[in-house]
2 protein chains.
Amino acid sequence: MNVQFTDKIECIFKHTLALIKENGFHGTPMSMIAKSSDVAIGTIYHYFPSKENLILELFTYCKKKINSYIFDAIDPELPYQKQFAMVLERFCKFQVDNTDIFSFLEQFHNSPFNELAHDKQKVGGCDENNVINFLLKGMETNSLRKIDVHVMASAFIGSAVTFSKSVLYGKVPLDRRHLEELVEIIWNGVKQ
Amino acid sequence: MNVQFTDKIECIFKHTLALIKENGFHGTPMSMIAKSSDVAIGTIYHYFPSKENLILELFTYCKKKINSYIFDAIDPELPYQKQFAMVLERFCKFQVDNTDIFSFLEQFHNSPFNELAHDKQKVGGCDENNVINFLLKGMETNSLRKIDVHVMASAFIGSAVTFSKSVLYGKVPLDRRHLEELVEIIWNGVKQ
DNA sequence: ATCTGTAAATTGAACGTTCATTCGGTTGCA
DNA sequence: TGCAACCGAATGAACGTTCAATTTACAGAT
């Protein structure tokens with residue numbers, strides 16, 4: 001029973017992501033989500049009190065996905081430089097392989113929704129905090145230069161996000177060579 | 001006459017930017033733009049055939065502003081490293097000093113509008129192309145490593161955008177020290 | 001096994017609001 | 001006198017949300 005519950009919500013999530021990628025937040029009415037998910041509008045309102053709430057829940061759903069994809073794969077026993085490359089690469093790879101989520105998160109972060117989610121971000125670990133902690137660990141172990149961690153995180157995350165967009169716009173292929181070029185730029189900039 | 005024409009349109013642009021920053025694209029109805037700009041709705045439709053067109057025109061307006069702010073100030077006789085630091089710093093400074101435009105551009109780039117504007121970007125020089133050309137110049141003069149220019153541009157632009165957001169969210173102050181840290185990271189990563 | 005009562009899940013037509021756009025009319029200037 | 005700028009009430013379509021009705025799930029009684 002609990003399984004079906006989750007299944008239906010995940011089904012709604014996935015179709016909503018696809019529609020929002022294609023049409024944007026406000027080009028995606030609830031009626032369209034319902035039809036695409038093959039449920040009635042009322043069913044969506046059974047699970048979510050409003051469209052706004054649906055989008056906020058979808059946001060935390062996406063955050064969890066990307067976080068676990070990136071960080072579950074990182075073995076803390078590996079040399080830090082190796083971990084560093086892996087985090088950056090998996091960050092990019094996730095975005096490129098999950099364009100629905102990537103597009104949704106970018107829209108979300110640059111919309112008025114973003115403010116509504118800031119409370120939640122401080123509770124549930126958002127990927128940015130994970131990155132911050134990961135970089136702090138690198139500073140403590142003398143792998144990284146000791147500069148303002150938010151500046152470093154900007155270079156780290158910002159590069160990866162923009163690189164992923166370049167891949168999606170067809171400017172750059174997502175192959176080993178280009179990933180390594182990106183990693184090298186950032187690593188050279190921040191290594192101790 | 002041409003002056004007044006421009007004045008009124010610029011007035012509409014500026015109020016639209018402020019409203020969109022506060023409420024987002026779709027939280028900003030034409031009626032609100034009209035009231036805030038102190039003109040009638042009909043007047044806006046006298047100058048712009050639709051809301052979509054208004055936003056597209058606003059986009060090219062913003063692009064011109066940021067481009068001229070950054071690149072008009074760059075003296076090509078200066079040492080390349082100096083130019084490099086200036087471009088990056090002015091990029092960030094513009095975003096932080098013009099949060100309306102920054103917010104609008106970010107929303108725009110991550111919305112379905114973005115596709116509609118791609119034709120225009122190829123005609124009018126968009127800031128990304130300017131950055132690309134600037135980086136290519138650095139490679140030709142052996143100041144920068146010769147790697148894929150789009151990868152380098154991702155690191156360059158992405159860092160600056162995310163850094164600016166960190167400043168706006170209050171995580172980092174926009175002072176000389178933090179700007180220099182950012183410039184150093186990127187410069188170390190891309191210099192020859 | 002079959003029946004029954006209840007609560008949860010599901011449905012979609014209907015409602016009320018909001019919003020982009022229209023258009024017939026007015027003003028001001030050349 | 002004519003034309004461009006300007007006005008804003010009216011229009012009609014789209015959308016988020018509601019809710020009364022229907023179906024499904026299933027525990028306990030027979």
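The sequence lines fix the lettering, A, B, ..., with proteins before strands; numbering per chain opens at 1.
Taking atom CD1 on B:Ile44 and atom P on C:dT22, their separation rounds to 14 Å, with Å as the unit. Rounded to whole angstrom, the span from the CG atom of B:Asn53 across to the C1' atom of C:dT21 amounts to 14 Å. The distance from atom OH of A:Tyr47 to atom P of D:dT17 is 18 Å, rounded to the nearest whole Å. Distance, B:Asp7 CG to D:dC6 P: 11 Å, rounded to whole Å. In this structure, A:Lys51 atom NZ and D:dA14 atom P are separated by 15 Å, rounded to whole Å.
The CG atom of A:Leu54 sits 8.5 Å away from atom OH of A:Tyr45, with the distance rounded to the nearest 0.5 Å.
In this structure, the ring of B:Phe91 has its center no less than 6.0 angstrom from the ring center of B:Tyr69. Between A:Phe48 and A:Phe13, the distance separating the two ring centers is shorter than 6.0 angstrom. Ring-centre distance between A:Phe84 and A:Phe156: below the 6.0 Å cut-off.
Closest approach to the A:Tyr45 side chain among C:dT21, D:dT17, D:dA5 is made by D:dT17 (side chain taken as heavy atoms from C-beta onward). With distances taken from any side-chain atom of B:Thr43 to the nucleotides C:dT11, D:dT17, D:dC6, the minimum falls on D:dC6.
Non-hydrogen atoms lying under 4.0 Å from DNA chain D are contributed by B:Val39, B:Ala40, B:Ile41, B:Gly42, all within residues 17-42 of chain B.
A donor-acceptor distance shorter than 3.5 angstrom exists from the side chain of A:Asp175 to the backbone of A:His178, with no hydrogens or angles considered.
Note on A:His46: every side-chain N or O is 4.0 Å or more away from OP1 and OP2 of C:dT10.
Considering A:Phe25, A:Phe113, A:Tyr61 as possible partners of A:Phe104, the one that fulfils the ring pair (Phe, Tyr, Trp, His ring centres under 6.0 Å) test is A:Phe25.
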